[in-house]
Amino acid sequence: MPRTVSDGGEDFDGDFSSQTGSHRHTDSNSTHHHHGYKVGFPPARGLFAEFTDGVKETFFADDPLREYKDQSRSKKLWLSLVHLFPVLDWARSYKFSMFKGDFVAGLTIASLCIPQDIGYAKLAFLPAHVGLYSSFVPPLVYAMMGSSRDIAIGPVAVVSLLLGTLLQEEIDPVKNPYEYSRLAFTATFFAGITQAMLGFFRLGFIIEFLSHAAIVGFMAGAAVTIALQQLKGFLGIKKFTKKSDIISVMESVWGNVHHGWNYQTILIGASFLAFLLTTKYIAKKNKKLFWVSAIAPLISVVISTFCVYITRADKQGVAIVKDIKQGINPPSFHLIYWSGPYLAKGFRIGVVAGMVALTEAIAIGRTFAAMKDYQIDGNKEMVALGTMNIVGSMTSCYVATGSFSRSAVNYMAGCKTAVSNVVMAIVVMLTLLLITPLFKYTPNAILASIIINAVVSLVDYETAYLIWKVDKMDFVALLGAFFGVVFASVEYGLLIAVAISLGKILLQVTRPRTALLGNLPRTTIYRNVEQYPEAAKVPGIMIVRVDSAIYFTNSNYVKERILRWLRDEEDQQQEQKLSKTEFLIVELSPVTDIDTSGIHALEELLKALEKRKIQLILANPGPAVIQKLRSAKFTDLIGDDKIFLSVGDAVKKFAPKSALNV
């Protein structure tokens with residue numbers, strides 16, 4: 001039965017139905033609400049039924065087969081095709097009026113992605129054209145299979161940084177560029193396999209172990225790390241550290257300050273960074289002018305390339321992009337390592353990169369789906385992203401995913417469907433075919449400025465402040481992820497984020513809340529005395545509520561905690577010469593489930609109470625709990641007359657005097 005949570009989620013409704021669902025009566029202000037109801041037992045169910053139900057809730061919580069019910073065979077086939085390729089569904093209702101929005105959005109994100117892709121490829125230590133390849137094939141695959149209308153697909157900063165740091169631990173990209181790119185394609189292939197498998201086996205909940213707070217911290221840390229990495233291009237330093245942590249980077253920067261910095265480079269980088277940040281500020285202030293900041297990177301690339309070409313500044317040591325290979329993606333199926341030591345290394349790197357890429361893409365997809373009020377299916381998204389990366393790995397691309405900055409521009413530019421991704425891919429294709437030679441004189445400093453400008457928005461300090469105000473433990477996870485990335489490396493940051501998120505769950509599982517309940521004056525409602533100071537304790541009766549399922553992880557704690565409440569109470573009674581406790585009522589409404597250890601702990605509690613001549617009474621056990629208590633013969637041990645529908649009923653029976661003066 002669904003449980004209702006009332007008053008701020010801290011407390012549960014005083015009592016529920018008799019758990020069979022036929023009669024639901026609430027604990028209202030009436031004093032004579034006891035209709036002689038007993039705690040009901042749910043109908044017994046077979047092992048198989050229980051098992052199938054469990055599996056269904058775990059893996060098919062969204063009931064994916066709902067639309068297939070009572071359909072003809074051909075219709076079922078069509079529906080499953082549509083499930084795999086949502087394009088079949090929306091393409092039929094696609095109108096030319098929508099294309100205007102998609103076309104403008106596609107052009108805008110293309111102008112943003114071309115300079116970013118070249119920069120991100122450099123961040124992953126891959127040739128510039130691989131970045132552009134990754135904005136051509138993957139978006140086309142995604143447009144057919146993905147269900148988000150707003151996401152813009154391509155290389156992103158965080159994944160590029162992650163790949164770059166992990167891959168260069170295995171192969172030196174400067175000495176062995178060919179083997180390096182082979183390992184990159186291998187990692188991309190396994191990233192795709194990981195994503196598609198998680199979606200196919202409906203294990204999407206695995207990535208939910210990264211809590212929102214941990215992601216905010218991780219992204220901010222990655223943004224700082226990426227910005228620091230860009231100092232190499234921004235300051236024109238030749239010898240730069242391979243490590244990504246802040247200490248090594250700072251040593252590289254200040255170690256080269258006298259002879260390593262190139263002042264023409266700094267001038268170009270700083271002036272255009274100022275220009276980019278100004279356009280960003282304008283766009284933030286006036287939402288209608290979002291396109292100003294979207295096309296600013298391309299404008300700055302064009303202007304700076306032109307300036308360098310005229311002044312031949314590359315002769316004075318300004319580092320330039322040099323050659324970008326012309327032409328569209330060559331096949332790379334034969335380049336993937338299918339055997340040997342690099343297969344396992346590629347697999348390991350791919351799994352990590354694939355998970356991070358997934359987390360980012362699904363977070364973005366959900367954000368924009370919520371803004372436009374449509375649903376995206378997480379598992380379907382995973383299959384789409386996975387297939388896109390598998391195809392990408394065979395067409396010379398590296399891991400692509402949803403980009404936050406480009407998706408935001410896409411959304412603001414008024415995209416209607418995934419066609420904006422197709423438009424972007426076509427523009428990138430034309431760029432690759434026709435105009436890559438023009439990028440020859442683009443200074444690296446400009447790419448550094450563009451990337452710094454792009455990652456600034458990943459530092460979400462407003463959300464961080466909100467998290468600090470609401471939940472300190474979440475904020476610890478955020479800080480852990482942030483400092484892990486900044487001071488160690490991206491993978492350590494991830495590990496810390498997951499570890500803290502899991503630690504938080506463990507803490508809640510092993511140390512559930514318990515509360516003392518008191519009677520609200522003139523009602524039969526019993527509530528937490530901390531939340532309602534006016535709630536009066538019933539003389540001779542102690543009422544405790546356990547606020548979580550009782551499992552092996554916490555059963556001992558729950559027992560000890562109840563006995564501690566009792567000890568404290570007895571001390572108080574001796575001081576104030578009050579009547580001794582004769583009854584202990586345990587309110588079980590929030591206890592959704594119990595296991596054998598939990599029942600064992602209850603038996604031990606019963607023994608401990610018998611020694612003190614205190615009777616144990618249970619109030620409102622749920623269906624799972626009462627069934628297990630009965631199977632374990634605990635109901636016989638305690639007696640059916642000690643199990644009540646609500647605390648009010650129990651008090652009424654065992655302390656008639658206090659119940660009457662309500």
Side-chain angles (χ1 to χ4, degrees), residues 1-30 33-35 37-42 508-509 511-520 523-532 535-538 541-551 554-555 557-559 561-562 565 583-595 598-599 601-602 605-606 615-630 634-635 638 640-655 659 662:
M1 265 204 86
R3 302 252 156 160
T4 47
V5 178
S6 66
D7 49 43
E10 159 68 22
D11 264 307
F12 286 75
D13 250 10
D15 72 357
F16 300 107
S17 64
S18 58
Q19 298 299 350
T20 50
S22 45
H23 3 256
R24 212 177 160 92
H25 77 262
T26 40
D27 208 285
S28 64
N29 288 350
S30 60
H33 70 286
H34 193 317
H35 309 300
Y37 277 129
K38 283 265 193 312
V39 169
F41 292 90
Q508 285 166 343
V509 170
R511 293 286 176 265
R513 294 206 176 129
T514 54
L516 265 188
L517 305 190
N519 178 247
L520 292 179
T523 68
T524 54
I525 298 173
Y526 291 81
R527 286 284 183 266
N528 190 341
V529 288
E530 279 180 25
Q531 194 181 355
Y532 299 96
K537 287 183 186 162
V538 184
I541 297 185
M542 191 172 127
I543 309 163
V544 178
R545 193 188 61 220
V546 183
D547 282 343
S548 92
I550 304 175
Y551 288 136
N554 60 21
S555 58
Y557 169 79
V558 167
K559 184 194 75 178
R561 191 72 186 87
I562 291 176
W565 282 120
F583 302 97
L584 172 71
I585 302 178
V586 183
E587 152 78 300
L588 294 175
S589 304
V591 182
T592 46
D593 199 0
I594 192 166
D595 64 1
I599 294 173
L602 281 182
L605 178 68
L606 185 64
Q615 297 189 40
L616 177 63
I617 296 160
L618 303 180
N620 192 26
V625 176
I626 191 69
Q627 201 168 6
K628 288 182 182 176
L629 289 180
R630 181 182 245 180
F634 184 78
T635 47
I638 183 179
D640 277 339
D641 57 335
K642 299 277 171 54
I643 301 176
F644 287 86
L645 207 58
S646 72
V647 178
D649 289 359
V651 172
K652 195 167 171 185
K653 170 145 191 214
F654 289 109
V662 162

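These numbers come from a predicted model, not from an experiment.
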Of the non-hydrogen atoms in S555 and A601, which two are nearest, and what is the gap between them? O-CB, 3.6 Å

Testing the basics here: between V591 and S548, what is the closest heavy-atom pair and its distance to 0.1 Å? CG2-O, 3.5 Å

Should V544 and L516 count as side-chain neighbours, where that means a heavy-atom distance under 4.5 Å? yes

From T524 OG1 over to D649 CG, what is the distance, rounded to the nearest 0.5 angstrom? 8.0 Å

Are any side-chain N or O atoms of N519 and backbone N or O atoms of T523, one a donor and one an acceptor, separated by less than 3.5 Å? yes

Starting at CD1 of I594, measure out to CD of Q627 and round the result to the nearest 0.5 Å. 13.0 Å

In Å, rounded to the nearest 0.5 Å, how long is the span from CD1 of I599 to CG of L606? 13.0 Å

Straight-line distance of Q531 CD to L517 CG, nearest 0.5 Å: 10.5 Å

Applying side-chain contact (heavy atoms from CB on, under 4.5 Å) between L629 and each of V39, I638, L602, I643, report the one that passes. L602

With heavy-atom distances below 4.5 Å as the criterion, would you say the side chains of N620 and S646 are in contact? no

Of all heavy-atom pairs linking T592 and A549, the shortest is OG1-CB, 3.5 Å

Rounded at 0.5 Å granularity, tell me how far NZ in K559 sits from CG in N554. 13.0 Å

Whether F654 and F644 hold their rings parallel, tilted or perpendicular, with breakpoints at 30° and 60°: perpendicular

Note: E587 and S589 closest approach over all heavy atoms is OE1-OG, 2.9 Å

First locate atom CD1 of I562, then atom OG1 of T514, and finally report the distance between them rounded to the nearest 0.5 Å. 7.5 Å

Answer whether the closest heavy-atom distance between the side chains of D547 and P512 falls below 4.5 Å. no

Identify the heavy atoms of V538 and A655 that sit nearest to each other, and give their distance. CG1-CB, 4.4 Å

Is there a side-chain contact between V651 and Y526 (heavy atoms, below 4.5 Å)? yes

Considering residues, nucleotides and ligands other than R561, do more than 12 of their heavy atoms fall under 6.0 Å from its CZ? yes

